[in-house]
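Data first, discussion second: the structure below is written as structure tokens.
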2 protein chains.
Amino acid sequence: MSTPGRGLHGHVLETLGPAIAAGEYPPGSVLRTDELAQRFDVSRSVMREAVRVLESMHLVESRRRVGVTVRPKAEWNVYDPQVIRWRLAGADRPQQLRSLTVLRSAIEPVAAGLAAKYATAGQCAELTECALGMVAHSRGHQLEGYLIHDVAFHRVILNASGNEMFARLGDVVAEVLAGRTHHEVMFEDPDPAAVTLHVQVAEAVRAGDAARAEHLTREITVGALQELDILAP
Amino acid sequence: MSTPGRGLHGHVLETLGPAIAAGEYPPGSVLRTDELAQRFDVSRSVMREAVRVLESMHLVESRRRVGVTVRPKAEWNVYDPQVIRWRLAGADRPQQLRSLTVLRSAIEPVAAGLAAKYATAGQCAELTECALGMVAHSRGHQLEGYLIHDVAFHRVILNASGNEMFARLGDVVAEVLAGRTHHEVMFEDPDPAAVTLHVQVAEAVRAGDAARAEHLTREITVGALQELDILAP
DNA sequence: GGGATCAAAAAGTCAGACTTATTTGTCACA
DNA sequence: TGTGACAAATAAGTCTGACTTTTTGATCCC
């Protein structure tokens, strides 16, 4: 799924990144490059490259005579896919999942509306295929098969929106949906109403009915919010 | 505004990054670390650090025996603030501005709805203050003063939403609004209707009327879309 | 023609010496 | 006593050169 840490530098990142993302080093903590290099048993050049990457994600700040200081979470590049993965892998998982679900609830309806305008015939066909796949796997504990088609469905919508920034959220949505199936409680078959909504969205997009596609998708995302007990007064 | 390239490594990035983001090196182009180091007159270590950062942004991919290859735009980390700045600074500016405006149209209404629920008294006061500032600078070619309050207004909304990912879009929105005032055609005073809408949003948030805040903000963003001739069949 | 083998190329890694900026502490002077 | 300048310590920043490893592509043999 994610890029396996290529090279020593990548290995260091995959250890240090999640640790910082999980809040193991409180904001303001100071690390020293030399000490880290020793701890990970790599040369300073390798460690410096890793620090540079963490710095580009705004997780840390490197200053002369001071060291490498951890930045407060509010300054992190929280849209960096790697940061998202690291946070999902650690103690910050619940909050990250909530943030992402709220983000989905904003993006996906608009994306569906745009998809209704701009989707190609091929994309409409894909969408219908995905929806049918979801229906086919919606009963009898075929959760994995259902997930695959669910992810594909939302990916097609985001891509068909024609907006490059929406399209890049495909991986994030995939991660959220996979998380819901794998980590969270998900013993029962998916909600039949949700399945129906997906079929209807596919149909609305095919028909070019932007308002209807947007509205139906909003209902889907409201369901996702309710699953996490977001909403309420 | 942005971080001025600290160190040699930062200087290299500020030259190479924009060049790649502007599409000067077509996808698949191969660069060699040693050659780049010579070109920028820095050591290989410095160049390697720069390449690592570009790689973490998914702008390039470094492979042994091959070199540093430029990735297709569809794979870039388009939410990285630095990438956004680089794209806004170059030939990709129009498309980047459109993408961001569409993104705003999805995010901000939802953020405003959440702000109506979660904004503190202080944030409501700030919001009203910003709206009044916009009114005060809405006539007589006080574009700079208007911009400052406009940016502040949208920042408060995003922060008050309580969603960390929305909050991080403050800088992006600021960049879009500033671009509209400085680069695009903006000789006349702002649309009075837009000013009124901002005041009404502030009032709706203060009153805790989420649906109204969301709807009014949607009208604002529709206006932004129309300015760029987005919409239409 | 196809598969194994070998050589070249470029990134990856390391070690060590040196430079530079920044902080902190000290000391003299007002 | 407070304040300013100056000096020392510290950790990042930079450079260089040698070496390793992976991958590719060409060659050679069957």
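These figures come from a predicted structure and were not determined experimentally. Chain letters run A, B, ... following the sequence lines, proteins first and then strands; every chain starts at 1.
- Here D:dT23 presents its C1' atom at 14 Å from CZ of A:Arg6, a figure rounded to the nearest Å.
- Residue contacts shown for B:Arg63 are limited to sugar-phosphate atoms, with no base heavy atom under 4.0 Å away.
- Ion pairing between a basic and an acidic side chain is recognised when a charged N comes within 4.0 Å of a carboxylate O; A:Glu55 and A:Arg63 show no such pairing.
- Here B:Ala89 pairs with nothing under the side-chain contact (heavy atoms from CB on, under 4.5 Å) rule; sequence neighbours left out.
- Whole-Å rounding puts the B:Glu49 CD to D:dC15 P distance at 10 Å.
- Atoms CG (B:Asp34) and C1' (C:dA9) sit 10 Å apart, rounded to a whole Å.
- Counted by atom type alone, B:His9 and B:Glu14 present zero donor-acceptor pairs between their side chains at under 3.5 Å.
- A salt bridge does not link A:Arg52 to A:Glu49: none of the charged nitrogens lies less than 4.0 Å from a carboxylate oxygen.
- The CD-P distance, from B:Gln38 to D:dC15, rounds to 13 Å in whole Å.
- One finds a side-chain N or O of B:Thr33 lying less than 4.0 angstrom from the OP1 or OP2 phosphate oxygen of C:dA11.
- Nucleic acid contact for B:Ser62: sugar-phosphate only, since backbone atoms but no base atoms lie under 4.0 Å from a heavy atom of the residue.
- Taking only side-chain atoms of A:Arg32, from C-beta outward, the nucleotide of D:dA12, D:dT14, C:dA10 with the closest atom is D:dA12.
- Of the candidates C:dC14, D:dC15, C:dA11, the closest approach to any side-chain atom of A:Leu8 belongs to C:dC14.
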Could you go over nucleotides 25-27 of chain D and give all protein N or O partners under 3.5 Å, atom names and distances?
none

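- Across the protein-nucleic acid pair, B:Leu54 atom CG and C:dA11 atom C1' stand 16 Å apart, rounded to whole Å.
- Here the nucleotide nearest the side chain of A:Arg48, chosen from D:dG17, D:dG13, C:dG12, is D:dG13.
- Atom CE of B:Met47 is separated from atom P of D:dC15 by 10 Å (rounded to the nearest Å).
- Between A:Glu175 and A:Arg180, none of the side-chain N atoms (NZ, or NE/NH1/NH2) sits under 4.0 Å from a carboxylate O, so this pair counts as no salt bridge.
- Among the nucleotides D:dA12, C:dT13, D:dC15, the one closest to the side chain of B:Arg52 is C:dT13.
- For B:Val66, counting side-chain heavy atoms from C-beta on, the closest listed nucleotide (C:dG12, D:dC15, D:dT24) is D:dT24.
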* Begin with the C-alpha distance, continue with both residues' side-chain angles, and end with the deciding distance and a verdict on side chain to side chain contact (heavy atoms under 4.5 Å, CB included) for A:Thr181 and A:Tyr146. => CA-CA 10 Å; A:Thr181 300; A:Tyr146 181 83; over 6 Å; no
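- In this structure, CZ of A:Phe40 is placed 18 Å from C1' of C:dC14, rounded to the nearest angstrom.
- Separating the CZ atom of B:Arg44 from the P atom of D:dG13 is a distance of 19 Å, rounded to the nearest angstrom.
- Proximity note for B:Arg64 (side chain, C-beta onward) versus D:dT22, D:dC15, D:dG17: the nearest is D:dT22.
- Side-chain contact annotation: B:Ser56 with A:Ser56, donor-acceptor N/O pair under 3.5 Å present.
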